[in-house]
Novice: 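What follows is a structure written as structure tokens; I'll ask about it next.
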Number of protein chains: 2
Amino acid sequence: MLSLHQLTCFLATYEHRSLTRAAEELGYAQPSVSEQVRTLEKHLGVPLFRRVGRGVVPTTAADTFRPHAEKVLAAADEAQSAVASIRSFETGTIRFGMFGVARLYGGAGLVADVLERYPGVRVELVGRHSMDVQENLRRGHLEAAMIAVAGLSSEGMAITPIARDELVYVSADPARLASPVTAKRIAEAPLVMAESTYRDTDSARIVLRRMLHEAGYNPGTRIEVEDVETAVELVGRGLADTITNKGAAVQLLPRLAPDAGWVSLRPRLYDTLAIVHRAGATLSPAARLMIELATQRIQAIIEPV
Amino acid sequence: MLSLHQLTCFLATYEHRSLTRAAEELGYAQPSVSEQVRTLEKHLGVPLFRRVGRGVVPTTAADTFRPHAEKVLAAADEAQSAVASIRSFETGTIRFGMFGVARLYGGAGLVADVLERYPGVRVELVGRHSMDVQENLRRGHLEAAMIAVAGLSSEGMAITPIARDELVYVSADPARLASPVTAKRIAEAPLVMAESTYRDTDSARIVLRRMLHEAGYNPGTRIEVEDVETAVELVGRGLADTITNKGAAVQLLPRLAPDAGWVSLRPRLYDTLAIVHRAGATLSPAARLMIELATQRIQAIIEPV
DNA sequence: TGCTCCTCTAGGGATTCCCTAGGGTTCCCG
DNA sequence: CGGGAACCCTAGGGAATCCCTAGAGGAGCA
């Protein structure tokens, strides 16, 4: 079996015209280098050096082999430094899971942070929804993620809450914003709710449904849409009210529904943002970096746990 | 220490998304491949696969590493096949020692033979004189050679005589060619001799000097030149006679001295052509090829031993 | 829940790696 | 020409690695 070690010994010997000096350079005893070269010659089926009294003389086969050997070692070095630069975030791809709404809080800024500090990296924020992200985590396609969780129970996953995000009632009708909104009023209101695909698993929806259920209500939703943006826009047109994360409301209202406002629920409800990864996994440097940056950014915007 | 084996295991695992299938492909047990990959990860300082329930999933580090790993293995393959093609004479350089006069017998034809049979090779015929060649052999710069030897004693060298080449008297004067030339007549003749630089070590000169000495003569030479061609040309102009190898005379007279002829000496003298290499050395395929071809060619022209 | 698939750990035999010790040859120098 | 230095080799053995089998344990699926 050809080995890089053999090539190293060969090249050192070729350059020094001597096994002894090659061994010195490499920090081995002379017979060790001799053995490596002999093995290489045997493997190639061609003598590479002529042993002549004092020192060794390369054969024409050695002349031919040398540039190839150098190329192999150069490629090997390059391969290693390519990975080393990943480790120090000079290059490579950092993939991190992030659910849809979180981008409103920090997505773009987070990417900007990483790109500024490590100009060579590629960044991927994957996942359209917390559930989606969790699936990717489970399958191993994702190392870690920041997601919204309703409960704190997800088997085999380590969940670290980092912030909580209040759910607020958004309306274009000032009368409805005069006081905190109760379950009764929610049940009676014409609502547009986002995340239609994930309506059953979305954490905000779960929290809200639980609250309504405890109060004895079990309402249907009037309008279902995918994007929070769409929901807020509909609110802005006075067609419905919605309930969404406070952070999303703060960001989206001025732009999409300038005449609308928001108010807390009674009792107040919260969505929990957490870092999630497989339990027992040791995280890569890239993942730890993303976790740290994302946490900072989120906690600067919304209330830390 | 990075090894090619690790890279092979890594790539197989990457492609199959499975250690078990990689091991099957490579013909190892699964834990062996697992160990190689683990060692590689440790060496690189980065996890390459996420072990996830059924199978493994490459990390982004693995994505980055893969093309580099492939490049290293490709370079290694290329290095091996480069040498393999030397072994089969598809390419590479064949270096062979050949003394000056021998080119008259077979030099160009020998090169032509090799080039015809092995179109890709480079051929080097090195050495200006037998003594020169022997020095290169001794220093190891040359593996084997065909040279002219006066005696058969050269320490540490294996000498295999393959042909003998008569020394003849060349003259433009028909009277001098009427009968074999004796030591007396040589001593009295106006001679031009070639190989001025090597006059003391040239085998033909040694043989001739010995013969004259035994007959009681110790003559000086009238003219000394380097090339046999020059000597023959001077003979053609009637300025002197010369003594040279019969093969050289036969080849050169028609062209350089059309009016001159040659005759044997009395007693006849012979130069011995032999294959020489370091005693105890195992010859490379290239050297064996050259020896075979050179021997054939020489023996087709002059008298085999 | 039980079966299958896949990975990991454990442990041990075979091989390789790499050392020290010493023998042989070549070359240089007195 | 003989001794020393330089350099190669072989021999032998301890340590590390390679690679195997056996079996534990987790994940996915019916």
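In what follows, chains carry the letters A, B, and so on, assigned in the order in which the sequence lines appear, proteins first and then strands, with residues in each chain numbered from 1.
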Novice: Has the side chain of B:Q30 got a donor or acceptor atom sitting under 3.5 Å from an opposite partner on the base of C:dC8?
Specialist: yes
Novice: For residues B:R17 and B:F49, determine if any side-chain heavy atom of one lies less than 4.5 Å from a side-chain heavy atom of the other.
Specialist: no
Novice: The side chain of B:P31 lies closest to which of these nucleotides: C:dT7, C:dA10, D:dC8?
Specialist: C:dA10
Novice: Between B:H5 and D:dC19, does any side-chain N or O lie under 4.0 Å from OP1 or OP2?
Specialist: yes
Novice: Please give, in whole Å, the distance from C:dC17 P to A:M1 CE?
Specialist: 11 Å
Novice: I need the OH-P distance between A:Y28 and C:dT16, as an integer number of Å.
Specialist: 17 Å
Novice: Below the 4.0 Å mark, does C:dC5 have OP1 or OP2 next to a side-chain nitrogen or oxygen of B:T20?
Specialist: no
Novice: Check this for me, if you would: do A:D63 and B:R122 make a salt bridge, where the nitrogen-to-carboxylate-oxygen distance has to be below 4.0 angstrom?
Specialist: no
Novice: With respect to the phosphate group of D:dC8, does any side-chain polar atom (N or O) of A:S18 fall under 4.0 Å of OP1 or OP2?
Specialist: yes
Novice: Can you see if the side chain of B:R21 gets near the phosphate of C:dC6 - specifically, an N or O under 4.0 Å from OP1 or OP2?
Specialist: yes
Novice: Do A:T60 and B:I94 have side chains that get closer than 4.5 Å, going by heavy atoms?
Specialist: no
Novice: Just wondering, are more than 12 heavy atoms of other shown residues or ligands nearer than 6.0 Å to NE2 in B:H43?
Specialist: yes
Novice: Whole Å only: how far is the CG atom of A:L26 from the C1' atom of C:dC19?
Specialist: 15 Å
Novice: Can you measure B:L4 atom CG to D:dC18 atom C1' for me and round it to whole angstrom units?
Specialist: 16 Å
Novice: With respect to the phosphate group of D:dC7, does any side-chain polar atom (N or O) of A:R51 fall under 4.0 Å of OP1 or OP2?
Specialist: no
Novice: Any non-hydrogen side-chain atom of A:L4 less than 4.5 Å from a side-chain atom of A:V72?
Specialist: yes
Novice: Give a yes or no on whether the backbone of B:A84 and the side-chain of B:S81 come within a donor-acceptor separation of less than 3.5 Å.
Specialist: no
Novice: Which residues in residues 32-50 of chain A have a heavy atom closer than 4.0 Å to any atom of DNA chain C?
Specialist: A:S32, A:E35, A:Q36
Novice: Without swapping roles, check the side chain of A:T59 against the backbone of A:P47 for a donor-acceptor pair under 3.5 Å.
Specialist: yes
